[in-house]
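Order of listing sets the numbers, starting from 1, for every ligand and every atom in it.
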Amino acid sequence: MGSKIIINNGKLQVPDNPIIPFIKGDGIGKDITVPSQRVLNAAIEKAYGDSKKLAWKEVLAGEKAYKKTGNYLPEDTLAEFKKYLVGIKGPLQTPVGGGIRSLNVALRQTLDLYVCLRPVRWFKGVPSPIRYPSLVDMHIFRENTEDIYAGIEFMTGDEKAQKFRDFLINEMGSTQIRFPETTSFGIKPISKEGSERLIRDAIQYAIDRNLPSVTLVHKGNIMKFTEGAFKNWGYDLAENEFEADVFTWRQYENIQTEKGQIDAQKALEEAKKTGKVIIKDVITDAFLQDSLLHPYDHSVIATMNLNGDYVSDQLAAMVGGIGISPGANINYQSGYAIFEATHGTAPNIAGTGKANPSSLILSGVMMLEYLGWNEAAEHVLDAMEHAFSKRRVTSDLYAMMEGATLLTTTEFADEIISNIH
Ligand code: NAD
């Protein structure tokens with residue numbers, strides 16, 4: 001038994017026993033889901049005793065759904081996520097065969113989950129390729145519905161590609177297509193509405209959590225009317241809608257080094273004095289370098305779909321890889337949110353007890369925070385950090401840690417639960 005989460009005037013109303021639909025997922029999804037739920041349940045019990053509890057409700061997707069219903073993503077499953085607003089899922093295998101969309105993409109599109117949120121933080125004890133991983137604390141807001149992911153592509157030789165090429169050359173006067181006879185085309189839609197809703201949420205997130213900055217990551221020097229417009233719309237929105245709370249680099253171009261670049265340190269000091277969130281922008285390639293060299297310069301990152309894809313994996317690798325990187329797909333306007341492990345189904349280790357459940361557990365932590373159950377979320381984080389610092393870990397981390405103890409997926413969950421207790 002449980003009750004529905006609802007949204008009222010943009011605010012979630014969470015009952016003490018919210019119904020949470022979950023998809024176990026394929027491959028290692030089946031291995032990590034139950035252990036992750038046990039960890040979350042233990043933390044909630046520790047924080048609230050009997051007064052709060054998640055009412056888990058399994059819904060079908062992937063192979064399990066196909067076997068039972070002949071459909072990889074039954075309508076009922078979509079309806080349950082719509083009805084209960086907030087859910088969680090393990091990884092789903094993309095079915096091979098024509099005409100079947102990625103199930104993840106279908107879920108995101110149906111619920112218009114336009115924010116892909118990935119927090120990136122380091123846990124003490126986790127092996128990292130960088131020297132000071134403790135300085136990493138970033139929160140990626142990746143736009144989830146636009147960009148070249150829209151899938152508008154024309155293959156060279158195809159009639160549509162020829163039509164499109166002729167249109168560009170004859171009607172638009174394009175002269176830059178180097179090899180017209182063998183060119184394929186892809187379209188990159190980036191809208192003002194789509195950019196604004198993402199950037200607005202990213203800024204609000206930084207304000208709500210007292211985070212120092214929002215970096216708009218873009219390649220606007222080359223793609224002026226898509227990525228460049230994203231940056232400009234972002235600055236406009238920050239200045240128009242958040243005037244009292246932010247401090248944009250564009251407004252403060254006088255804070256410059258001798259070479260004419262914005263002086264990040266001075267801007268930070270200035271913002272600290274005023275208690276405002278800094279809004280800045282960095283070109284994507286520079287960001288990939290800068291986030292490795294100066295991770296402390298970046299806090300919230302707002303970017304478009306493709307950049308977000310690249311950035312997410314690099315930042316995840318800096319703090320221990322995909323086995324421990326959580327994620328969520330959210331529509332902050334409707335309240336719909338699906339929390340998910342960011343890795344795939346890992347068929348090479350499915351059923352062996354080698355899977356690290358941390359990614360799904362941490363996605364669960366994000367879900368607890370989204371519900372406002374922060375005390376329970378804190379218990380999980382503390383207990384996980386304990387497990388890592390005792391070097392009691394699953395095989396992915398064991399392989400990189402000296403003097404570690406190897407645990408199975410279930411044993412690792414038990415280790416966290418014993419730390420909670
Ligand atoms: P993958 O993430 O499944 O695996 C990549 C590597 O990381 C493998 O070596 C795997 O063993 C390892 N790995 C992944 N998660 C791990 C964990 N929790 N603990 C320890 N090791 C882990 O990527 P892939 O092999 O490219 O994809 C396999 C399938 O998953 C494909 O069908 C793909 O479409 C699907 N996929 C689903 C999602 C999703 O549901 N969100 C995301 C990515 C890929």
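- Of the protein's non-hydrogen atoms, the one nearest atom 39 (C) of ligand 1 is Asn104 ND2, 3.1 Å.
- Scanning the protein heavy atoms around atom 44 (C) of ligand 1, the nearest turns out to be Gly344 CA, 3.4 Å.
- Less than 4.0 angstrom separates atom 15 (N) of ligand 1 from at least one non-hydrogen atom of the protein.
- The pair Asp245-Lys276 fails the salt-bridge criterion, with no side-chain N (NZ, NE, NH1 or NH2) lying under 4.0 Å from an Asp/Glu carboxylate O.
- Near Ile322, meaning under 4.0 Å from one of its heavy atoms, ligand 1 places the atoms 2 (O), 7 (O), 14 (C).
- For the pair Lys354 and ligand 1, the shortest N or O to N or O distance does not fall below 3.5 Å.
- Nearest protein heavy-atom contact of atom 42 (C) of ligand 1 is His343 O, 3.6 Å.
- For residues 314-339, the set of pairs meeting the ring pair (Phe, Tyr, Trp, His ring centres under 6.0 Å) definition, not counting sequence neighbours, comprises Phe339-Tyr370.
- Summarising the geometry of Met401 relative to Gly125, their closest heavy-atom pair is CE-O, 3.0 Å, with the distance given to 0.1 Å.
- Of all heavy-atom pairs spanning Ile279 and Ala238, the tightest one is CG1-CB, 3.9 Å.
- Looking from atom 22 (C) of ligand 1 to the surrounding protein, the closest heavy atom is Ile349 CD1, 4.0 Å.
- Two residues are said to be in side-chain contact when any heavy atoms from C-beta on lie closer than 4.5 Å; Ile23 and Phe81 meet this criterion.
- Heavy atoms only, all atoms of each residue included: Phe287 and Val282 are closest at N-CG1, 3.5 Å.
- Considering Glu227, Lys219, Arg142, His218 in turn, Glu227 is the only one that fulfils the side-chain hydrogen bond (donor to acceptor under 3.5 Å, both in side chains) rule with Asn307.
- For Asn41 and Gln37, the side-chain atoms include no donor-acceptor pair closer than 3.5 Å.
- In terms of protein heavy-atom proximity, atom 25 (O) of ligand 1 is closest to Pro347 CD, 4.5 Å.
- Evaluated for a side-chain hydrogen bond (donor to acceptor under 3.5 Å, both in side chains) with Tyr114, the options Asn144, Asp201, Thr145 yield exactly one hit, Asp201.
- Looking at atom 9 (O) of ligand 1, its nearest protein heavy atom turns out to be Asn348 ND2, 3.2 Å.
- With hydrogens left out, the protein atom closest to atom 34 (O) of ligand 1 is Thr94 OG1, 3.0 Å, a heavy atom.
- Ranked by closest heavy atom to atom 18 (N) of ligand 1, the top entry among Asn356, Asp26, Thr352 is Asn356.
- For ligand 1 and Ile28, the ligand atoms under 4.0 Å from any heavy atom of the residue are 15 (N), 16 (C), 17 (C), 18 (N).
- A distance-only check finds no donor-acceptor pair linking the side chain of Thr215 to the backbone of Ile301 [under 3.5 Å].
- Contact analysis leaves Ser359 out of contact with ligand 1, as no non-hydrogen atom separation drops below 4.0 angstrom.
- Those atoms of ligand 1 with a heavy atom of Glu340 less than 4.0 angstrom away are 41 (N).
- Ligand 1 has no nitrogen or oxygen under 3.5 angstrom from a nitrogen or oxygen of Arg108.
- Residue Leu92 places at least one N or O, backbone or side chain, under 3.5 Å from an N or O of ligand 1.
- Between Ala346 and ligand 1, an N or O atom pair is found at a separation short of 3.5 Å.
- Nearest to atom 29 (C) of ligand 1 by heavy-atom distance, out of Asp396, Leu107, Ile23, Thr345, is Thr345.
- Contact record, Glu63 with Tyr72: N-CD2, 4.3 Å, taken as the closest heavy-atom pair.
- Listed by atom number, the atoms of ligand 1 under 4.0 Å from Ala355 heavy atoms are 19 (N).
- Residue pairs satisfying the side-chain hydrogen bond (donor to acceptor under 3.5 Å, both in side chains) criterion with at least one member in residues 7-30, sequence neighbours excluded, are listed as follows: Ser3-Asn17, Asp16-Lys52.
- Heavy-atom contacts of Lys89 reach the following atoms of ligand 1: 40 (O), 41 (N) (cutoff under 4.0 Å).
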